[in-house]
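Structure first, commentary second.
Here the structure is a predicted model, which is why all the values come from computation and not from measurement.
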Amino acid sequence: MNIRNLFSTIIWGLLLLVIQIFFLKNLALFGVALCFIYLLLILHLPVNISTISLLVISFLVGLTVDMFYDTGGIHAVGTTFIGFFRPIWLRIISPTGGYDEGTSPTLQEMGTGWYLTYIVPMTFLFSLLFFTVDQWGTMGVFNILNKSFFSSILTVLLAILVQALFYKRRRSIL
Amino acid sequence: MLRIFEFLYKLRAFLLFVLLEIIAIWMVVRNNSPQGAAFFNSSMAISGSLLKTQSDITGFFSLSEENDKLSAQNARLLKELIGQNSMDSVSYAPLDSSFKASFEIIGGKIVGQTLRLAQNHITINRGADDGVTEGMGIFTQNGAVGRIKEVSKNFSVGISLLNTGLLVSSKIKSSDVFGSINWDGKDTQVAKMLYVPRHVTPSPGDTVITSGYNAVFPEGILIGTIKSVNPSENQNYLDISVQLSADFSKLNYVYLVRNTSIEERDSLYQQAEISDEY
């Protein structure tokens, strides 16, 4: 990752966090679907990033969002898990011939089919963990599954929309 | 020995993962326990001032509506004041000390809140410098809103009434029956009234207010109206839904209230070994 890419990744990350914190905090479609667009910050990091730095970044991003949501550490629980599970899932769904050096797992680079198999389980796992911790003991399993399902769908839809609008073809963001 | 280190080194990612998850879960548990304090919350200087900027911008668009509300409240208070002045000329009796008003009220503005979780919180632009302390009640002219949980220099964080962990002692105005208001995490307009015994017959439309037993709120602050009454699974109590009168999606200006005799009451409770609900 060269300096220019690093710079644009940081700007992009901050932008996602600002959108999440100031615009999406109290948005809930039909009262069940929340949107966690800031997960793209973690999910779109280059494929060959080391697991250690991925974990640390995920944890810090989660904490930042927690600070504004007053959720203590619920986002951090979810994002850390995503950070740990991401390399494993990338290895499982690795395309034939492996990944190119420095590729980011985005819609443009990997194609729609692959991208969906990548992002849907990740966002669903995050939502599941998030709502399980948030509603610990207060609500039934059905409620948690319901919210996780619709939240991950909304997040994926918005993720695709954002990339269709703002990502150029080769890795240069905005 | 070397092998053990090599083994641990291979596992370093997993070990770091476990460590970070343990830290995160520990923070959640701490945040949710009544005595615990969150390490990172929106009353911190950076997040507080960012949220304040946002609310300054969005608040601008609801100014006229807020002005209407304030002038309506002013009118109501003026009416009460005029009524009291005219009473003065008829007779005057010094109040007994037990009737002395023991509440201190601070005005404030909400700069941030969550609505969509099971544990919702509110951030307010008043902190320790303005005299806010932990445990103060939060209300608007429409009704009770929550209770202050943590205070920093310039901001404070409160537990919203829309938080499954908060119980507010309350009563039905018409029949003086006591109960506890607790949100069930489903509808942001509706809460449950717990511990109302079966022999009581409340009807939909009855007003629910805070009770005088409450150490946080003064008696008589509106909470909502009864929406429906059903027999519950529990043999002893009724299942009552209360339509909340405060619209949480439109909160802007709030009042913070402290019971100045709370310390005396608390120490009395402690002597008698009673645990108080909020």
Give the minimum heavy-atom separation between [X] and [Y], together with the two atoms involved.
X: B:Arg116; Y: A:Lys147; value: O-NZ, 4.2 Å
X: A:Val77; Y: B:Ala24; value: CG2-CB, 3.5 Å
X: B:Val28; Y: A:Gly73; value: CG2-C, 3.4 Å

Flag, side chain of B:Glu21 to backbone of A:Thr80, donor-acceptor distance under 3.5 Å
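Flag not set: sc B:Glu21 to bb A:Thr80 has no pair under 3.5 Å.
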
Check for a donor-acceptor pair, side chain of A:Asp134 on one end and backbone N or O of B:Ala118 on the other, with a separation under 3.5 Å.
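Checked: pair present.
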
May I ask you to check whether over 12 heavy atoms, not counting those of [X], lie within 6.0 Å of atom [atom1]?
X: B:Lys109; atom1: NZ; result: yes
X: B:Lys69; atom1: NZ; result: yes
X: A:Phe124; atom1: CZ; result: yes

Below 4.5 Å from any heavy atom of chain B, which atoms of [X] appear? Answer side chain, backbone, both or neither.
X: A:Ile74; value: both
X: A:Val133; value: side chain
X: A:Tyr69; value: both

Between B:Leu115, B:Leu20, B:Leu16, the one whose heavy-atom pairs under 4.5 Å with chain A are most numerous:
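So the answer, after comparing B:Leu115, B:Leu20, B:Leu16, is B:Leu20.
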
In sequence, state the C-alpha distance, the side-chain angles, and the governing distance for B:Gln119 and A:Thr71, and then conclude on side-chain contact (heavy atoms from CB on, under 4.5 Å).
CA-CA 8 Å; B:Gln119 322 275 333; A:Thr71 39; over 6 Å; no

Side chain, backbone, both or neither of B:Ile22 within contact of chain A (heavy atoms, under 4.5 Å)
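Contact with chain A: none, neither part.
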
Heavy-atom pairs under 4.5 Å with chain B, option from A:Leu55, A:Leu54, A:Thr51 with the top count
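Of A:Leu55, A:Leu54, A:Thr51, A:Leu55 has the most heavy-atom pairs under 4.5 Å with chain B.
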
Check against side-chain contact (heavy atoms from CB on, under 4.5 Å), B:Thr123 and A:Phe68
CA-CA 9 Å; B:Thr123 315; A:Phe68 287 92; over 6 Å; no

Look at the rings of B:Phe17 and A:Phe81 and say which category their plane angle falls in: under 30° parallel, 30 to 60° tilted, over 60° perpendicular.
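Judged by the thresholds at 30° and 60°, the geometry between B:Phe17 and A:Phe81 is tilted.
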
Which is it for A:Leu63 and B:Met27 under the side-chain contact (heavy atoms from CB on, under 4.5 Å) test, yes or no, and what are the steps along the way?
CA-CA 10 Å; A:Leu63 273 193; B:Met27 288 194 313; 3.1 Å; yes

Rounded at 0.5 Å granularity, tell me how far CE in A:Met67 sits from CG in B:Leu51.
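One gets 8.5 Å once the value is rounded to the nearest 0.5 Å.
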
Is any side-chain heavy atom of A:Asp70 less than 4.5 Å from a side-chain heavy atom of B:Asn120?
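Result no, sub-4.5 Å side-chain heavy-atom pair not found.
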
